[in-house]
Amino acid sequence: MERVKWIDNARAIGILLIITGHTIGLYFGHTVFYAIYTVNVSIFFFLSGYLHRQKPIQKVISGGFDNLLLPYIITSVLMIIFSMIAVKRPNHFLQPYFPTFRQGVIAACYGIGTATTVIGKTQVNIMAIGAIWFLPCMFVANLLYTGLRNLTDRYHFSDLACTVLFAGFCALGFVLTEKFNLYLPWSIPAALVSMFFYWTGEWMHRYHLIQKGKWFHAVFAFIVWGLSARISTFWLNTATADNPAIAVIGSVAGCYAICYVSLWLEKCFKEFTKWFSKLGELSLIVLCTHILDLNTLKTFRVMDKLCGALKISSMKFYTTGLILCRVVLAVIAIAVIPHIPVIRSFFMYRQYPLIKKDKQRA
């Protein structure tokens with residue numbers, strides 16, 4: 001099946017927003033910071049809904065393991081290995097994200113983006129696994145959305161009834177964390193919130209709202225996105241927001257705006273799209289590379305030395321340079337990893353399965 005370039009463009013914008021959001025702590029509290037976090041992950045759930053096709057649950061499970069859990073596992077293992085090397089043998093290249101092997105394993109098994117504490121017979125502090133919380137969360141979300149769409153198709157739900165249903169699951173996600181303080185494994189509350197993004201993505205595809213959109217629709221979407229970021233923060237990984245309704249509406253508007261721009265880029269800048277869309281096509285590699293970079297690699301030392309050599313103390317210069325360093329590292333990863341046997345199979349299982357289909361049948 002031929003890839004849709006504008007969707008890969010939208011993924012590329014989303015992954016660049018993730019990298020930027022993780023780097024611009026300088027702007028914490030600014031509208032631009034909150035606007036990035038309003039949409040940088042929800043766009044991926046929105047696009048999954050846009051591309052949604054009903055499949056048997058067994059296929060969703062097997063495909064989810066190959067394309068989501070497998071890269072999650074290998075990236076978690078690498079994070080633990082790099083951390084343990086940095087703990088045992090401090091060096092100029094690696095930093096210890098996990099202080100102990102045990103904490104790394106617990107974090108990998110729990111799979112959440114923000115640290116939490118589980119209180120039972122004993123209190124267990126669970127470290128955040130980082131941005132790859134998104135992978136097991138999407139695995140859960142894909143299963144849940146497929147099951148719910150089977151239900152809505154079987155009982156012939158109207159669009160309005162579907163909207164109410166998925167809005168209800170979205171609200172439940174916020175309730176679990178904000179009212180009951182339940183930070184469940186594999187970011188289950190975030191998976192519940194994501195149901196509304198899946199549905200709005202599928203709904204917009206059904207009525208071709210992005211392709212039929214006009215420039216003033218996109219401008220309005222940008223305005224709603226920006227206003228929502230001023231009014232309410234939105235942290236999808238923890239399913240929390242100052243005003244959940246405004247945050248979700250603003251996030252959907254942001255997703256629409258990004259998709260409109262992505263479609264415009266494909267139409268007007270085809271040569272640019274040829275390479276830019278690769279970031280989106282291989283966004284899984286970019287995400288996993290980025291979290292290794294963010295948590296265990298000392299990429300920041302490049303900017304430390306550059307600013308020292310140039311005698312520059314501007315934090316804006318430092319932040320911009322660090323974003324570029326991280327993007328360059330991501331570009332190197334998507335240029336190199338697809339050519340490394342076995343390793344590429346963990347991140348591109350569809351193209352390079354570890355077990356050939358003919359062997360599976362045999």
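Count residues from 1 along the sequence. Computed over heavy atoms, backbone and side chain alike; hydrogens, waters and symmetry mates excluded.
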Next on the checklist: Can a donor-acceptor pair be found, under 3.5 Å and without considering hydrogens, that links the side chain of Ser83 to the backbone of Pro96?
Outcome noted: no
Item to check | Any pair counted as salt bridge (charged side-chain N to carboxylate O under 4.0 Å, His left out), so long as it reaches residues 208-230, sequence neighbours left out | outcome: none
Next on the checklist: With a 6.0 Å cut-off on the ring centroids, do Phe347 and Tyr352 count as close?
Outcome noted: no
Next on the checklist: Quick check: do Thr289 and Val286 have side-chain heavy atoms less than 4.5 Å from each other?
Outcome noted: no
Item to check | From CA spacing to verdict: side chain to side chain contact (heavy atoms under 4.5 Å, CB included), Ser194, Leu144 | outcome: CA-CA 10 Å; Ser194 75; Leu144 180 59; over 6 Å; no
Side-chain donor-acceptor pairs of residues 168-181 under 3.5 Å, sequence neighbours excluded:
{"unit_1": "Thr177", "atom_1": "OG1", "unit_2": "Phe174", "atom_2": "O", "d": "3.3"}
{"unit_1": "Thr177", "atom_1": "OG1", "unit_2": "Thr238", "atom_2": "O", "d": "3.2"}
{"unit_1": "Thr177", "atom_1": "OG1", "unit_2": "Ala239", "atom_2": "O", "d": "2.7"}
{"unit_1": "Glu178", "atom_1": "OE2", "unit_2": "Ala241", "atom_2": "N", "d": "2.8"}

Next on the checklist: Run the side chain to side chain donor-acceptor pair (under 3.5 Å) test against Ser283 and tell me which residues pass, sequence neighbours left out.
Outcome noted: none
Checklist entry - Are any non-hydrogen side-chain atoms of Ser76 and Val105 less than 4.5 angstrom apart? => result no
Next on the checklist: Tell me whether the rings of Phe166 and Tyr145 are parallel (<30°), tilted (30 to 60°) or perpendicular (>60°).
Outcome noted: tilted
Checklist entry - Got more than 12 heavy atoms from elsewhere within 6.0 Å of NZ, Lys55? => result no
Checklist outcome for this item: Nearest heavy-atom contact between Ser228 and Gly250 is OG-CA, 3.2 Å
Next on the checklist: Give me each pair satisfying salt bridge (charged side-chain N to carboxylate O under 4.0 Å, His left out) with a member in residues 300-324, each pair once, sequence neighbours excluded.
Outcome noted: none
Next on the checklist: Looking at Trp186 and Met138, would you say the former's side chain and the latter's main chain have a donor-acceptor pair under 3.5 Å?
Outcome noted: no
Checklist entry - Is atom OH of Tyr318 surrounded by more than 12 heavy atoms (other residues, nucleotides or ligands) closer than 6.0 Å? => result yes
Next on the checklist: Quick check: Phe196 with Trp199 (ring centres under 6.0 Å apart)?
Outcome noted: no
Next on the checklist: Show the nearest heavy-atom pair for residues Gly130 and Asn295, with the distance to one decimal.
Outcome noted: CA-ND2, 4.2 Å
Next on the checklist: Is the shortest side-chain heavy-atom distance between His217 and Tyr256 below 4.5 Å?
Outcome noted: yes
Item to check | Asn91 backbone acceptor or donor facing Lys298 side chain under 3.5 Å | outcome: yes
Item to check | Non-hydrogen side-chain atoms of Ile231 and Asp242 separated by less than 4.5 Å | outcome: no
Item to check | Test log, rule side chain to side chain contact (heavy atoms under 4.5 Å, CB included), inputs Ile19 and Leu294 | outcome: CA-CA 9 Å; Ile19 292 173; Leu294 187 68; over 6 Å; no
Next on the checklist: I'd like to know whether the aromatic ring centres of Phe269 and Trp264 sit less than 6.0 Å apart in this structure.
Outcome noted: yes
Just list the side-chain donor-acceptor pairs under 3.5 Å for residues 37-47, sequence neighbours left out, or say none.
{"unit_1": "Tyr37", "atom_1": "OH", "unit_2": "Gly21", "atom_2": "O", "d": "2.9"}
{"unit_1": "Thr38", "atom_1": "OG1", "unit_2": "Tyr34", "atom_2": "O", "d": "2.6"}
{"unit_1": "Ser42", "atom_1": "OG", "unit_2": "Thr38", "atom_2": "O", "d": "3.3"}
{"unit_1": "Ser42", "atom_1": "OG", "unit_2": "Val39", "atom_2": "O", "d": "3.4"}
{"unit_1": "Ser42", "atom_1": "OG", "unit_2": "Ser251", "atom_2": "OG", "d": "2.6"}

Next on the checklist: Checking the side chain of Thr75 only, and the main-chain atoms of Tyr72 only, is there a donor and an acceptor separated by less than 3.5 Å?
Outcome noted: no
Checklist entry - Is the closest side-chain heavy-atom distance between Phe234 and Val193 below 4.5 Å? => result yes
Checklist entry - Between Tyr207 and Trp203, does the ring centroid distance fall short of 6.0 Å? => result yes
Checklist entry - Got Met127 and Ile106 here, is their nearest side-chain heavy-atom distance under 4.5 Å? => result no
Next on the checklist: Going by salt bridge (charged side-chain N to carboxylate O under 4.0 Å, His left out), name the pairs with one or both residues in residues 157-170, residues two or more places apart or in two chains.
Outcome noted: Asp159-Arg206
Checklist entry - Going by atom types alone, do Asn9 and Glu266 pair a side-chain donor with an acceptor below 3.5 Å? => result no
Item to check | Leu17 side chain reached by Ile258 side chain, heavy atoms, under 4.5 Å | outcome: yes
Next on the checklist: Working note: Arg326 + Thr299, criterion side-chain hydrogen bond (donor to acceptor under 3.5 Å, both in side chains); need CA distance, chi angles, decisive distance, verdict.
Outcome noted: CA-CA 8 Å; Arg326 288 176 169 163; Thr299 308; 5.4 Å; no
Checklist entry - When you measure from the side chain of Thr200 to the backbone N and O of Phe197, does any donor-acceptor pair fall under 3.5 Å? => result yes
Item to check | Heavy-atom check, side chain of Asp66 versus side chain of Pro353, under 4.5 Å | outcome: no
Item to check | Verdict with supporting geometry, Phe93 and Thr296, side chain to side chain contact (heavy atoms under 4.5 Å, CB included) | outcome: CA-CA 8 Å; Phe93 306 103; Thr296 62; over 6 Å; no
Next on the checklist: Are Trp6 and Tyr50, when compared by the centres of their aromatic rings, separated by less than 6.0 Å?
Outcome noted: yes
Next on the checklist: Test your reading of the model: is there a side-chain donor-acceptor pair from Gln95 to the backbone of Leu297, 3.5 Å cut-off?
Outcome noted: yes
Checklist entry - Do Arg149 and Thr146 meet the criterion of a side-chain donor-acceptor pair at a distance under 3.5 Å? => result no
Checklist entry - Is the backbone of Ala190 close enough, under 3.5 Å, to the side chain of Ser187 for a donor and an acceptor to pair up by distance? => result no
Item to check | Salt-bridge contact Lys5-Asp8 (side-chain N to carboxylate O under 4.0 Å) | outcome: no
Next on the checklist: Could you walk me through whether Leu70 and Ile74 satisfy the side chain to side chain contact (heavy atoms under 4.5 Å, CB included) test, starting with their C-alpha distance in whole Å, then the side-chain angles of each, then the deciding distance to 0.1 Å, before giving a yes or no?
Outcome noted: CA-CA 6 Å; Leu70 201 57; Ile74 191 64; over 6 Å; no
Checklist entry - So with a 6.0 Å cut-off around CZ of Phe272, is the heavy-atom count from everything else above 12? => result yes
Item to check | Flag, side chain of Arg344 to backbone of Pro338, donor-acceptor distance under 3.5 Å | outcome: yes
